[in-house]
Number of protein chains: 2
Amino acid sequence: MTSDGKSDVAVFLPRNYLRPCLLLLLAEGTAHGYELLDQTSKLGLPNVDPGGLYRCLRAMDEEGLVDSRWEPSSIGPARRTYALTREGRDWLRAVSASLAQVHGILELFQHRLQRLEVRDTVI
Amino acid sequence: MTSDGKSDVAVFLPRNYLRPCLLLLLAEGTAHGYELLDQTSKLGLPNVDPGGLYRCLRAMDEEGLVDSRWEPSSIGPARRTYALTREGRDWLRAVSASLAQVHGILELFQHRLQRLEVRDTVI
DNA sequence: GCCGCTAGGTGTACGGTGCACCTACGGGTC
DNA sequence: GACCCGTAGGTGCACCGTACACCTAGCGGC
């Protein structure tokens with residue numbers, strides 16, 4: 001929650017969520033960093049930090065989860081396009097299982113809270 | 001994911017998740033720290049760090065989200081029991097809304113991934 | 001006296017995150 | 001040419017949550 005009273009989703013997003021998001025987007029198709037920066041917002045990640053995104057991509061490259069190659073562009077500077085590796089795909093599947101568990105944990109949280117609200121309004 | 005290949009839920013738990021969990025548990029009833037340490041595991045938080053838990057409780061105390069008072073114990077050292085304040089209850093409700101959004105975001109993630117898996121197995 | 005359980009706490013290092021800032025290419029405008 | 005804007009990638013750094021180690025103290029039992 002921010003000072004202006006708006007509840008802020010970003011505060012409670014999963015830790016390290018950028019990584020799985022990028023892998024998912026790359027699983028849907030190869031892309032370069034600047035492009036991914038756009039697409040992450042459609043996955044629920046508001047205003048992703050470019051620095052963090054590029055760092056994340058490079059880390060995954062070094063770990064072999066993605067492949068990268070430079071490609072020239074006629075309308076601007078060269079871009080580095082990333083593609084998911086087999087290892088990255090395996091990693092994504094494993095992570096998906098963890099995220100599913102987190103999903104369940106959040107469900108439990110809401111359930112427990114809702115049970116309280118009902119009790120409080122009934123009494 | 002850990003080195004032994006086990007997918008690790010804790011890595012992808014929401015950021016700052018301890019706070020909402022403690023508030024929820026205190027909404028269900030007053031408790032002291034050592035007791036909360038036990039109950040958090042039933043909310044999906046595996047092996048919570050005692051140090052972090054006590055620090056979190058104290059921070060929420062200073063922010064007025066919880067009240068605390070020392071109570072002597074006949075079977076051991078004195079304990080500090082915590083109770084949710086009205087402000088804490090409001091905060092919990094606001095946070096719940098954010099967590100619900102995160103829940104939805106995770107659902108979208110699984111949906112997008114599943115659509116990929118289907119496409120890949122069909123082709 | 002010593003151990004184990006209960007209960008609360010400190011110190012500290014690591015890593016993810018956010019913010020500011022920088023380089024470089026191409027195109028349009030003055 | 002000088003300038004700005006959009007595209008594209010990147011570094012530096014400070015903050016803070018988290019994890020791990022470690023400490024104090026009360027009580028009961030051997």
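In the text below, chain A, chain B and the rest are named by the order of the sequence lines, each starting its count at 1. Small disclaimer: the values here were computed from a predicted structure and weren't measured.
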Presence of salt bridge, A/Glu71 and A/Arg80, under 4.0 angstrom | no
Calculate the interatomic distance between A/Leu53 atom CG and D/dG9 atom P; express it in whole Å.
-> 9 Å
Going by atom type alone, with no hydrogens or angles, which donor-acceptor pairs under 3.5 Å involve a side-chain atom of residues 41-56 of chain B and a protein atom two or more places apart or on another chain?
{"unit_1": "B/Ser41", "atom_1": "OG", "unit_2": "B/Asp38", "atom_2": "O", "d": "2.7"}
{"unit_1": "B/Asp49", "atom_1": "OD2", "unit_2": "B/Gly52", "atom_2": "N", "d": "2.9"}

So CG of A/Leu13 and SG of A/Cys21: to nearest 0.5 Å the spacing works out to 8.0 Å
Contact check, residues 21-37 of chain B vs DNA chain C, heavy-atom distance under 4.0 Å, returns B/His32, B/Gly33, B/Tyr34
For residues B/His103 and A/Gln110, is any side-chain donor paired with an opposing acceptor at under 3.5 Å?
-> no
Quick one: pull up CG in B/Leu24 and OG1 in B/Thr40 and give me the separation to the nearest 0.5 Å.
-> 11.5 Å
Do B/Ile105 and A/Val9 have side chains that get closer than 4.5 Å, going by heavy atoms?
-> yes
Checking C/dT17, C/dG8, D/dG10 against the side chain of A/Asn16 (C-beta onward), the nearest is C/dT17
Please state whether the rings of A/Tyr17 and B/Phe109 are parallel, tilted or perpendicular, taking 30° and 60° as the class boundaries.
-> tilted
What residues 59-69 of chain B contributes to the DNA chain C interface at heavy-atom separation below 4.0 Å is none
When rounded to whole Å, the CZ to C1' distance for the pair B/Arg58 and C/dT10 reads 9 Å
What's the CG-P distance between A/Leu13 and D/dC16, to the nearest Å?
-> 19 Å
From CG of A/Asp8 across to C1' of C/dG18 the rounded distance in Å is 12 Å
Nearest non-hydrogen partners of A/Leu92 and A/Pro20, listed with the distance | CD1-O, 3.9 Å
Please determine if a side-chain N or O atom of B/Arg15 lies less than 4.0 Å away from the OP1 or OP2 oxygen of D/dT18.
-> no
Between B/Tyr82 and B/Thr30, does a side chain to side chain contact (heavy atoms under 4.5 Å, CB included) hold up when you go through it step by step?
-> CA-CA 6 Å; B/Tyr82 291 90; B/Thr30 64; over 6 Å; no
Earlier contact from the 5' end, DNA chain C, for A/Val48 and B/Tyr82 = B/Tyr82
Quickly work out the B/Leu18 CG to D/dA19 C1' distance and round it to whole Å.
-> 13 Å
Under-4.0 Å side-chain N/O to phosphate OP1/OP2 contact, B/Tyr54 with C/dG8 | yes
Check side-chain contact (heavy atoms from CB on, under 4.5 Å) between B/Ala59 and all other residues, then give those that pass, not counting sequence neighbours.
-> B/Arg19, B/Glu63
Are any protein N/O atoms closer than 3.5 Å to N/O atoms in nucleotides 20-29 of chain D? If there are, list each pair with its distance.
{"unit_1": "D/dC20", "atom_1": "N4", "unit_2": "B/Asp49", "atom_2": "OD2", "d": "3.1"}

Please check the phosphate of D/dG10 (OP1 and OP2 only) for any side-chain N or O of A/Arg80 closer than 4.0 Å.
-> yes
B/Asp38 CG to C/dT6 P: how many Å, rounded?
-> 9 Å
Starting at atom CG of A/Leu57, determine the distance to atom C1' of D/dT11, rounded to an integer number of angstrom.
-> 16 Å
Looking only at atom types and distance, does a side-chain atom of A/Thr85 sit under 3.5 Å from a main-chain N or O of A/Leu65, one as donor and one as acceptor?
-> yes
Non-neighbouring partners of B/His32 that pass ring-ring contact (aromatic ring centres under 6.0 Å, His included), sequence neighbours left out = none
